[in-house]
Enquirer: 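First, the structure itself, so that you have it in front of you.
Chain letters run A, B, ... following the sequence lines, proteins first and then strands; every chain starts at 1. No experiment lies behind these values; they were computed from the predicted model shown.
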Amino acid sequence: MNPKLEVVGIRKVFATRRRTTEALGGVSFNVEAGEFVCVLGPSGCGKSTLLNVIAGLERPTQGEVRMDGAPVLAPGRDRVVIFQEAALFPWLTVRSNVQFGLRLLSLSARERERRVEEYLELVGMRGFERVYIHEISGGMKQRVALARALALNPQVLLMDEPFAALDAQSRDTLHAELQSIWAQTGTTILFVTHNVREALVLGTRVLLMSARPGRIKHEYPVRIPRPRHIEDYALVDAAQEVLADLREEVLRAEEEVGYDRLAR
Amino acid sequence: MTGWRARLLFFLALLLGWQALYSLHVWPPYLFPSSWSVATSLGLGFADGSFPLAILVSLRRILIGYAISLVVGVPLGLLIGRVRLLQETLGTVILGLQALPSICWLPLAILWFGLSEKAILFVVVMGAVLSICLSAVDGVRNTPPLFLRAARTMGAEGWPLYWRVILPAALPAIITGMKLGWSFAWRSLMAGELLYVSLGLGQLLTLGRELNDMGRVMAVMLVIVMLGLTVDRLLFAPAERRVRERWGLNLGS
Ligand SMILES: Nc1ncnc2c1ncn2[C@@H]1O[C@H](COP(=O)(O)OP(=O)(O)O)[C@@H](O)[C@H]1O
Ligand SMILES: [Mg+2]
């Protein structure tokens, strides 16, 4: 059987008139169905680029992404992305936002409504159906974004640092909720972050990316029992090891930025 | 409340200053009338029916001209904003034409349509349609890329993407363009009416000048200001505020 998601030798080079940037330098890994994989890497190492390529929003320069064995050529609702900024539509209510993707499917109005209720319930946002986006907090926005994505029953949920802009409390709560949502729905999740502990709280497996051009440098299985919390002993311990590897990459990334400045 | 009071005081002071200046007789009354004579002209104009008639005629013209501008301008802008080729061709032409004050279309309009209602409508449309169109182009082009990417990962492409994301994202810009277009239409209409057209507020102004009736001239100017302000305050300002608030564009205030 094929893995759910195969990322095979992805290179991505951005060429602008002034210079070319190799964002990804050959990234390969697999994600099995039901896994919760975290990709960890320093800022600017190409995490967003990787996720965009998998989502089909960007074409890779080289390599291929396969879903259930079939090559990915375009965006599709089997791979919904949740961005750092919730990207909810401000002209729609919470309910209509969750319905957005569902409206493009040929569902009956009742089925649509049922799914909206089900997923708003799942993320704890029942009762906010008629509220507009500018009236809710950042954490609530990410919950709605989560409901909007999950309502489409994606094969893989792609998350690009979705909690990075939140305060610590909201982030803790959402870490707990995301773990339980993953356990309940069994959705395959690929989660990108620059935060070591976040990766360890959430992932069944953590892939460490190198500084630009990004490659997978290390892989850590995470065997700490759930529900995990960001302050857990075992977790803080495990973080030390990963942190040492990551620090190396951060330094390399900074060095490279320094060279860039000189070259300009 | 203080805002209101301050404004009231300011206008009272303005009125008093005017009256004081008038009493000093720096200029003869036919150049600088008393506020009272302006008020009388205003009352008289409404009493003899000449103001209401002029207002109706002007309003009718601007409503028709403005409606045409919207019907042409908004769809055209939505189209140009999305089609690269149109943007580089038609878009450039429209941008260029915007440099032309709309009243400069009058000679052409008269040659095409004669001294008719159509000529003045043409001038009004040329005054409003370009900025309405360009604002719609702007709105479409400035759709936040994040919205587009979010919609595309949820399976939206082509027409649904345009209809459900690009169009609503462009709405604040479109409304701003509508507001701008209205004030341009109003200016163009007044300019056109001043120059030749029968009836309407502009002609009332010309008439006042010909009769050397400064009180009347100022009274008509006052009516024109009030009409322009009323529409802006009652229609466009609330609509713009509501949309900007909901779209989350008022974070500064
Ligand atoms: N559209 C683009 N054009 C040019 N360079 C880009 C583009 N997108 C990203 N990059 C560059 O690619 C590198 C990786 O970016 P990104 O994937 O956003 O990193 P991360 O998400 O890990 O912070 C950065 O150096 C960034 O400047
Ligand atoms: Mg990023």
Enquirer: Answer with side chain, backbone, both or neither: which region of A/Glu135 has an atom nearer than 4.5 Å to a non-hydrogen atom of chain B?
Expert: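 Contact with chain B is absent: no heavy atom of A/Glu135 under 4.5 Å.
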Enquirer: Do you know which of A/Leu92, A/Asp78, A/Val80 has the most heavy-atom pairs under 4.5 Å to chain B?
Expert: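 Of the candidates given, the most pairs with chain B belong to A/Val80.
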Enquirer: Distance check, rounded to the nearest 0.5 Å: A/His134 atom NE2 versus B/Arg244 atom CZ?
Expert: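 Atom-to-atom, A/His134:NE2 and B/Arg244:CZ are 13.0 Å apart.
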Enquirer: If I compare all heavy atoms of B/Phe147 with all of A/Pro90, which pair ends up nearest, and what's the gap?
Expert: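 The answer is CZ-CD, 3.5 Å.
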Enquirer: Show the nearest heavy-atom pair for residues A/Leu57 and B/Thr153, with the distance to one decimal.
Expert: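 Distance-wise, the nearest heavy atoms are CD1-CG2, 3.7 Å.
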Enquirer: Counting neighbours of CZ on A/Arg126 that are heavy atoms of other residues, nucleotides or ligands and sit closer than 6.0 Å, is the number greater than 12?
Expert: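 Yes, enclosed.
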Enquirer: Treating A/Arg77 as the side-chain partner and B/Met154 as the backbone partner, does any N or O pair qualify as donor plus acceptor under 3.5 Å?
Expert: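 Yes: the side chain of A/Arg77 pairs with the backbone of B/Met154.
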Enquirer: Got a second to check how far A/Trp91's CH2 is from B/Arg246's CZ, nearest 0.5 Å?
Expert: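 Going from CH2 on A/Trp91 over to CZ on B/Arg246, the span is 12.0 Å.
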Enquirer: Is the count of non-hydrogen atoms from other residues, nucleotides or ligands lying under 6.0 Å from A/Arg114 atom CZ greater than 12?
Expert: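 Atom CZ in A/Arg114 is crowded, with more than 12 foreign heavy atoms closer than 6.0 Å.
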Enquirer: Identify which part of B/Val165 has an atom lying under 4.5 Å from any heavy atom of chain A, answering side chain, backbone, both or neither.
Expert: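 Answer is both: backbone and side chain atoms of B/Val165 are under 4.5 Å from chain A.
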Enquirer: Does atom CD of A/Gln169 have more than 12 heavy-atom neighbours, drawn from other residues, nucleotides or ligands, at distances under 6.0 Å?
Expert: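 Count not over threshold, so no.
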Enquirer: Decide yes or no for A/Pro75 and B/Glu157: does some side-chain heavy atom of the first lie under 4.5 Å from some side-chain heavy atom of the second?
Expert: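 Yes, close enough: below the 4.5 Å cut-off.
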Enquirer: Should the heavy atoms of other residues, nucleotides or ligands under 6.0 Å from CZ of B/Arg141 be counted, would the total exceed 12?
Expert: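 Open: at most 12 neighbouring heavy atoms sit under 6.0 Å from CZ of B/Arg141.
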Enquirer: Centroid separation under 6.0 Å, is that true for the rings of B/Trp247 and A/Phe89?
Expert: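 No, too far apart.
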Enquirer: Can you say whether A/Leu88 sits under 4.5 Å from chain B via the side chain, the backbone, both, or neither, judging by heavy atoms?
Expert: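 Interface part for A/Leu88: backbone (N, CA, C, O).
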